[in-house]
Amino acid sequence: METLKAVKTETKNKKTMRISGAEAIIHCLLAEGVDLLYGYPGGAIMPVYDELYKFQDKLTHILTRHEQGATHAAQGYARVTGKVGVAMATSGPGATNLVTGIADAQIDSTPMVCITGQVFRHLLGSDAFQETDIIGISTPVTKWNYQITKASEIPEIMAKAFFLARSGRPGPVLVDITKNAQLEEFDFSYEKCTGVRSYKPVPKPEISAIDEAAELINKAKKPFIVFGQGVILGEAEEELKALVEKAGIPAAWTILGLSAMDTDHPLNVGMVGMHGNYGPNILTNECDVLIAIGMRFDDRVTGRLDDYAKQAKVIHFEIDPAEINKNVMSDVAVLGNSKETLSLILPKINENKHEAWHNEFKEKYKIEFDQIIQPQLNPSKPGLTMGEVLKEINIASEHKAVIVSDVGQHQMFACRYAKFKQSKSNVTSGGLGTMGFALPAAIGAKMGAMEREVVTIIGDGGYQMTIQELGVIFQHNIPVKIVVLNNEHLGMVRQWQELFFDSRYASTVMTNPDFVKIAEGYHIKAKRVSERENLKEAVQEMMASKDPYFLEVRVEKEDNVFPMIPAGASVSEIRLK
C-alpha cells in the first residue's frame with residue numbers, strides 16, 4: 001500500500017489532516033491518551049497495523065499469543081490503572097476469540113475498547129473469507145458496539161467508544177471497521193466525546209434518599225456494610241473508610257471489592273459469599289440494616305434469595321439504576337457515584353461504636369479461625385496447603401503486591417487469605433469466572449503498574465488454558481511472578497464432586513506436563529516446591545527476583561476450601577466442613 005502523507009487543511013474552522021482511515025485510528029488512540037495496546041494482526045486489520053508500525057515511538061503494541069490473551073491483558077491493565085484497556089484483532093476468528101474477554105469485562109465492569117477489522121463493505125453478508133457478524137455476536141456482552149463502513153465515521157465513533165467505555169458504570173465497547181474504511185482517505189479532525197444524547201452515565205443523587213439512608217443508619221442497632229467494586233471504580237476508598245470509622249459499622253467485601261479497604265482494618269470483617277467468612281455470611285441474616293455499596297447482589301453473594309437478609313432494611317448505594325431491585329429489593333436506593341453519595345451522607349451520620357454487635361463477628365471469627373483458618377495457615381498434616389502459600393507471599397510482599405488470581409479453589413484461597421494495604425490490588429475474574437484469565441491479566445497489570453510487584457496465583461487447570469502467553473513475558477521480559485498451585489485436579493469441580501456427587505471424579509483428574517521445563521523453555525527462571533521446609537525460601541527468592549519467575553507448588557490433592565454455602569442454600573446454611 002502506498003504511504004499516505006498527512007496534509008493539513010482547514011474545514012469549518014477545524015484543523016484537519018488528509019489521512020487514511022487506518023492512520024486516523026492511530027490518531028484517535030493517541031488523542032485518548034492510549035500508549036499501550038494488546039492484539040494480534042491479520043488480513044482485515046493489516047492497514048491499521050501498518051500505520052501502527054510507523055508510530056512505535058508513541059504507541060506500544062504487545063503481540064499476545066492468542067486474541068483472548070489480548071483482552072485479558074487489557075483487563076488487567078485497566079483494573080490496576082483505572083484507564084481504558086485496548087485490544088485489537090482481525091476479522092472472523094480473530095474477532096470471535098476476543099468474545100470471552102469482552103464478556104468477562106462486561107460483567108465485571110471493566111473499561112475496554114476492542115477494535116476489530118472486517119471484510120470490505122461490499123463483501124458484507126456474502127460469507128467472504130474470515131467474515132463473521134461480530135456486531136451480532138458481541139451485542140449481548142458489550143456496553144455498546146458499532147460497525148464503521150466508511151472512513152469519515154472513525155473520529156466520532158472512536159470518541160464515543162472511549163467515552164462510553166470509561167463513563168458511569170464502565171464496560172467494554174467494540175468497534176468493527178471494514179477494510180475499505182481503513183484504506184479510504186478523508187479530512188480527519190478529532191474532538192473528544194463529552195456526552196451522548198439520552199445517556200446519563202451518573203445519576204444525580206437525591207437528597208431525600210440520602211436523608212432516609214442516614215436516618216436508618218443512625219437508628220440501627222446492628223448495621224452491616226457490604227462493599228463491592230463500585231467503591232474502587234468510584235475512587236471512594238477514603239469515603240468508605242470514613243463512614244465505617246465514624247459510624248463504627250462492620251464492613252465486608254465482595255470478591256471484586258477486595259482491597260478497597262485495608263484487609264487488616266479492625267472494622268473490616270472479611271468476605272461475603274459462597275466461600276466467604278463465617279461471620280459475615282451468618283450475620284447477614286441477623287443485621288437490622290444492610291448497607292450495600294457498589295455491589296450488585298450476585299447469586300454467589302446472596303445464596304438463596306428468598307432467605308437473604310429478610311429481617312433487614314436494605315440501603316443500596318449504586319451508580320447503575322438497572323441494579324436496583326434486580327435481585328434484592330431495596331428500602332432506600334441511593335443512586336450516584338459512590339464517592340459523591342458517601343461524601344453527601346457522611347456529615348449526616350452519627351458517631352457510634354456498636355461494640356456488642358462487633359463482638360458477635362469476633363465470636364464467629366474465633367469459630368472459623370479454630371476450625372478452618374488455623375489448620376489452613378499452620379497445618380499439621382504433611383501436605384502443603386494453598387493457604388500457607390498465600391501466607392508466605394503476604395509476608396514476603398509486606399501486603400503490597402498486586403495479586404492476580406485465576407478461577408477455582410486457588411482463587412477462593414487467594415481472596416480469603418491475601419492481605420492488602422492498597423486499592424486496585426486484587427485482580428480476578430469475578431462474574432464470568434474465566435479460567436485462563438490470570439496469566440495474561442498479570443501481564444497487563446504489571447505493565448500498568450511497573451512500580452509494584454505483581455504475583456499471579458493460578459491452578460494447574462486454568463494455567464494451561466493460556467500458557468502460551470509465557471511467550472509475551474519472555475519476549476518483553478515482563479517481571480511478573482507466576483505461582484501455580486498444582487493439585488493435579490480441576491480442584492473446585494473436584495470439591496463439588498466429592499461433596500455432592502459421591503466422589504465420582506468425572507474428568508477432573510489431570511495428568512500435567514513438567515511446568516518447570518516449560519517455563520525454562522521460555523527462558524524464565526523456575527523452581528518447584530513440594531516440601532514445607534523449602535516453601536519460605538522459594539517464595540522469598542521469587543519475590544526478590546528482578547526478572548520473571550515461575551514457582552510451582554505441589555499442594556494437597558484433595559484439600560477443600562471452606563466455609564462453603566452449597567448451591568441453592570441460604571447464607572445461614574454456610575458449612576464449616
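Side chains are part of it too, since the values below use all heavy atoms of this structure and drop only hydrogens, waters and symmetry mates.
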[X] and [Y]: side-chain donor and acceptor closer than 3.5 Å?
X	Y	value
Lys364	Asn281	no
Gln376	Glu388	no
Gln75	Asp104	yes
Thr428	Gln411	yes
Thr508	Gln497	yes
Asn512	Asn486	yes
Asn277	Glu368	yes
Tyr549	Glu541	yes
Arg169	Ser109	yes

Return yes when atom NZ of Lys400 has more than 12 non-hydrogen atoms of other residues, nucleotides or ligands closer than 6.0 Å, and no otherwise. no
With a 6.0 Å cut-off (strictly less than), is the heavy-atom count around NZ of Lys326, excluding the residue itself, greater than 12?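 Result for NZ/Lys326: enclosed.
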When you compare the side chain of [Y] with that of [X], does any pair of heavy atoms fall below 4.5 Å?
X	Y	value
Glu556	Asn487	no
Leu490	Met435	yes
Ile249	Pro223	yes

Any carboxylate oxygen within less than 4.0 angstrom of a Lys/Arg side-chain nitrogen, looking at [X] and [Y]?
X	Y	result
Lys527	Glu552	no
Glu488	Arg554	yes
Lys419	Asp264	yes
Lys83	Glu32	no
Lys241	Glu237	no
Glu318	Arg296	no

Test log, rule side-chain contact (heavy atoms from CB on, under 4.5 Å), inputs Arg416 and Val561: CA-CA 10 Å; Arg416 283 178 53 80; Val561 55; 4.1 Å; yes
Nearest 0.5 angstrom please: [X] [atom1] to [Y] [atom2], how far?
X	Y	atom1	atom2	result
Arg166	Leu233	CZ	CG	14.0 Å
His275	Asn560	NE2	CG	9.0 Å
Ile225	Ile315	CD1	CD1	9.0 Å
Glu392	Leu377	CD	CG	10.0 Å
Leu164	Trp144	CG	CH2	6.5 Å

Please name the pair of heavy atoms, one in [X] and one in [Y], separated by the smallest distance, quoted to 0.1 Å.
X	Y	answer
Gly459	Val484	C-CG1, 4.3 Å
Lys481	Met542	NZ-O, 3.2 Å
Gly273	Ile565	O-CD1, 3.5 Å

Decide if the gap between the ring center of Tyr278 and the ring center of Phe361 is smaller than 6.0 angstrom.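 When the ring centroids of Tyr278 and Phe361 are compared, they turn out to be at least 6.0 Å apart.
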Report the relative orientation of the aromatic rings in Tyr365 and Phe369; use parallel for angles under 30°, tilted for 30 to 60°, perpendicular for over 60°.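 Ring orientation of Tyr365 relative to Phe369: tilted.
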Over 60° means perpendicular and under 30° means parallel, so tell me whether His316 and Phe297 are parallel, tilted or perpendicular. perpendicular
Quick test of your reading: applying ring-ring contact (aromatic ring centres under 6.0 Å, His included), list the pairs with at least one residue in residues 441-497, sequence neighbours left out, ordered by first then second residue.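 Checked against ring-ring contact (aromatic ring centres under 6.0 Å, His included) - neighbours excluded - the pairs reaching residues 441-497 are Tyr463-Phe515, Tyr463-Phe550, Phe474-His523, His489-Tyr505, Trp496-Phe500.
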Verdict with reasoning, Arg65 to Glu469, per salt bridge (Lys or Arg N to Asp or Glu O under 4.0 Å): CA-CA 6 Å; Arg65 298 317 191 248; Glu469 302 307 331; 5.9 Å; no
What residues, two or more places apart in sequence or in another chain, satisfy side-chain contact (heavy atoms from CB on, under 4.5 Å) together with Met447?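 Met447: side-chain contact (heavy atoms from CB on, under 4.5 Å) contacts with Leu36, Tyr38, Ile62, Ile443, Ile478.
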What pairs of donor and acceptor atoms, side-chain ones from residues 250-259 against any protein atom, are under 3.5 angstrom apart with sequence neighbours left out?
residue: Thr254; atom: OG1; partner: Gly257; partner atom: N; Å: 3.2
residue: Ser259; atom: OG; partner: Lys424; partner atom: N; Å: 3.2
residue: Ser259; atom: OG; partner: Ser425; partner atom: N; Å: 3.2

With salt bridge (Lys or Arg N to Asp or Glu O under 4.0 Å) as the criterion, how do Lys339 and Glu235 come out once you've worked through the C-alpha distance, each side chain's angles and the decisive distance to 0.1 Å? CA-CA 6 Å; Lys339 188 177 187 71; Glu235 299 181 342; 5.9 Å; no
Let's go through Glu498 and Arg494 carefully: what are the C-alpha distance in whole Å and the side-chain angles of both, what is the deciding distance for salt bridge (Lys or Arg N to Asp or Glu O under 4.0 Å) to 0.1 Å, and is it a yes or a no? CA-CA 6 Å; Glu498 177 186 336; Arg494 186 213 57 77; 2.7 Å; yes
